[in-house]
Amino acid sequence: MSTEDLLAVVRAPAGLGLADAERAWAVPARDAAAAAEVLARLESERSPRWVLWSAEDLLGPLLDAAPDLRLARAWDLAAVCRLLEGGARDDPSAVVAAAAGLDPGAAPAAGQLDLGGLVEEAGGAGDGGAGGPLRADGHLRADWADGAWAASPASAAAWAELALATAGRQREQLTGPSASGRAGPLHTAWSESAASLLAVELGTSGLPLDVGVAAEVLDRLVGPPAGTEREAAAQRAARDAPVLRLLGDATVDLRNPAAVRAALASRGLDLPDTRSWRLEQLAAAPGAHPVLAALVGWRQRERFAVAHGHRWLAEHVAGGRLRATWSASDGGAGRMTATGGVHSLPRELRPAVRADPGHLLVRADLGQVEPRVLAVVSGDEGLVRAAAAEDLYSPVARRLGVGRDVAKVAVLAAMYGQTSGAAGAALAGMEREYPRATGLLVEAARRGAAGEDVRTAGGRRVRGHRPEDVPVEAGTAALDAHRQALAARGRYTRNAVVQGSAAELFKAWAATVRARLLTSGPSPSERDGEVVLCLHDELLLHVRADAAERVARDLVADLDAAAARWCRAVGGPPVRFTADVAVVEDWSQAKG
DNA sequence: TGCGTTTTGTTT
DNA sequence: GATTAAACAAAACGCA
């Protein structure tokens, strides 16, 4: 492993290119173009691993002005803090506290008046205008967290130096005794940081979306766009009319679930709720009231119009790009998430996700990631062998002596904590034939139910929540609720170790793909293409048409490399990972 | 009036 | 009877 050349960078309102700093840089905040120039020069001269307080905060505004800037490698202090702590806070105060082994809860929150720090001022690191960045107790000074570090070039330098020192401390935690000699957590820090860079880039460049195609789809499914509020109301009324006629009551508010439920009840249909699957079930029965089917259809159209209608299109799509805000690691398991409806784009709209002229999309789906990841983290020999097959569920079905469908349900039920129905029966076979895999899941669930933390393969901490004590005199209802809450926490942690580890493998792959694309050319137009969507187990790339076949081949090679590295780093056996890759013009087209 | 909760539905 | 996880997002209701 080569020694890393760490360079820290911050954006200061005044001054740039700190004369006294070899490794700590401040770039001008006002002049984004100049800042991007400095970064691009350092990137090409020294190809450092950039230490950033947060890629989102630093790079987001910078890319708005200089969208072509690409940093190859980073150490994102916020991302690594989330990884190590599993908490929600990742601001500099919390990052510094966690890296120093202090209680992040005691760290000053942004905007908080910090009298204690002002009184007992400390020497600390650096020598900014008003003392160093740290208080005597090791916490970050509140005024520095609020931006006082930007007062002078010297204090900006101290702020960047603190970033370097903090990265060093995080690194020690990642490689320390708790890592037990494994490189997993360090690798995760790198790939999570790369994912942070990617998240900012995805937000800036957006997903190619053909507005004409989208508008056609919307016209067909929900009608033309409404120019005025009156028109919108008229369209709503027109959509409602047939259902209300069948209902025989024009006063029912179809958008109010309680009103719908009451209306159905008065016609002899007493339902616990009005969810679509329930309505569909009833509508399919012989002699069913025709309003049920009508209501289901109405719901689909209404849902589409509200969530992904013309308003959505106008709000989120501009210049042929659907833009969203991306998070590199969200929720307990650390998946990538996006706003703007990007991750729940209805199938009907996928034809609109279309490559620009002269370009193609390359889509790649991981096959059965979660059971394969379970094979790695558990080291279960039987599951590792099953993963050697293109279709993992076939060998599992043979071993359990059941059909493939049942085997699939059993594997998923084990990972998600399902105990009832057909899955419950198949589960016994899983425990018998794959004891290490199920054992790991049961232990994760036990820890969750006991309020203990669990960790993903790459070392992400998933916090348990301490169960609240139930009063001894509590009734059966309260006890039941308590038991249910414990079971839910168990399912949560059981799922998090698999889903979270899968997210890490996915990001390692995405980071590898991104790195290769960056080396394919010196400027965006000369490169093969770029990643435009990450969807849990699917990558979508927008590439030059002449490079598409090569990129598609490379995606598979990158998966092999990333997966082999990841298996080794987390201390698991080598497990086969597969991907379906296809070169397509739009996202709706079939996989390879 | 505003904010938090409930209901619903889409994706993986 | 009972249905497994995670996200984002909108509208309506309920409470203060």
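None of these values were measured; they are calculated from a predicted model. Labels below follow one simple rule: chain letters A, B, ... track the order of the sequence lines, proteins then strands, and each chain is numbered from 1. Atom set for the values below is all heavy atoms of this structure, side chains included, hydrogens, waters and symmetry mates excluded.
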Sequence-distant partners of A/His289, ring-ring contact (aromatic ring centres under 6.0 Å, His included), two or more places apart: none
Between C/dA6 atom P and A/Met415 atom CE, what is the distance in whole Å? 14 Å
Where does the chain A footprint on DNA chain B start and end, counting 5' to 3' with a 4.0 Å heavy-atom cut-off? B/dT7 to B/dT12
Any A/Val200 side-chain heavy atom under 4.5 Å of A/Trp326 side chain: no
Go through the side-chain N and O atoms of A/Arg299 and A/Thr274 and say whether any donor and acceptor fall under 3.5 Å apart. yes
Heavy-atom contacts under 4.0 Å between residues 193-214 of chain A and DNA chain B, which residues? none
Hey, is CD on A/Glu56 packed in by over 12 heavy atoms from elsewhere, all under 6.0 Å? no
Going by heavy atoms closer than 4.0 Å, what residues in residues 493-509 of chain A are next to DNA chain C? A/Asn495, A/Gln499
A/Arg399 charged N/C atom sitting above A/Tyr434 aromatic ring, 6.0 Å / 45°: yes
Quick test of your reading of the model: are A/Asp560 and A/Arg576 salt-bridged, counting only N-O distances below 4.0 Å? no
Using atom P of each nucleotide, how far apart are C/dT3 and B/dT7 to the nearest Å? 15 Å
Among A/Val291, A/Leu279, A/Val243, A/Leu282, find the residue that satisfies the side-chain contact (heavy atoms from CB on, under 4.5 Å) test when tested with A/Val296. A/Leu279
Residue pair A/Ser191 / A/Glu504, side-chain donor-acceptor N/O under 3.5 Å: no
Base-contact (B) and sugar-phosphate-only (S) positions in nucleotides 7-16 of chain C, heavy-atom cut-off under 4.0 Å, - elsewhere: SSSSSSS---
Can you list the residues that meet the side-chain contact (heavy atoms from CB on, under 4.5 Å) rule with A/Thr251, with sequence neighbours excluded? A/Asp249
Below 4.0 angstrom, which residues in residues 273-298 of chain A have at least one non-hydrogen atom near DNA chain B? A/Asp273, A/Thr274, A/Arg275, A/Ser276
Name the atoms and distances for all side-chain donor-acceptor pairs under 3.5 Å in residues 441-448 of chain A, with sequence neighbours left out.
unit_1	atom_1	unit_2	atom_2	d
A/Glu443	OE1	A/Arg446	NE	3.1
A/Glu443	OE2	A/Arg446	NH2	3.1
A/Arg447	NE	A/Asp453	O	2.9
A/Arg447	NH2	A/Asp453	O	3.1

Tell me which pairs pass side chain to side chain donor-acceptor pair (under 3.5 Å) where either residue lies in residues 236-246 of chain A, with sequence neighbours left out. A/Glu229-A/Arg236, A/Arg239-A/Glu302, A/Asp240-A/Arg255, A/Asp240-A/Trp298
Among residues at least two apart in sequence or on other chains, which ones pass salt bridge (Lys or Arg N to Asp or Glu O under 4.0 Å) with A/Asp586? A/Arg354
Polar contact flag, side-chain donor to acceptor under 3.5 angstrom, A/Arg565-A/Thr512: yes
Mind listing the side-chain donor-acceptor pairs of residues 306-321 of chain A below 3.5 Å, one per line with the distance, residues two or more places apart or on another chain?
unit_1	atom_1	unit_2	atom_2	d
A/His308	NE2	A/Gly341	O	3.4
A/His310	NE2	A/Gly223	O	2.8
A/Trp312	NE1	A/Gly340	O	2.9
A/His316	ND1	A/Trp312	O	3.3
A/Arg321	NH1	A/Asp356	OD1	3.4
A/Arg321	NH2	A/Asp356	OD2	2.7

By side chain to side chain donor-acceptor pair (under 3.5 Å), A/Arg350 pairs with (sequence neighbours left out) none
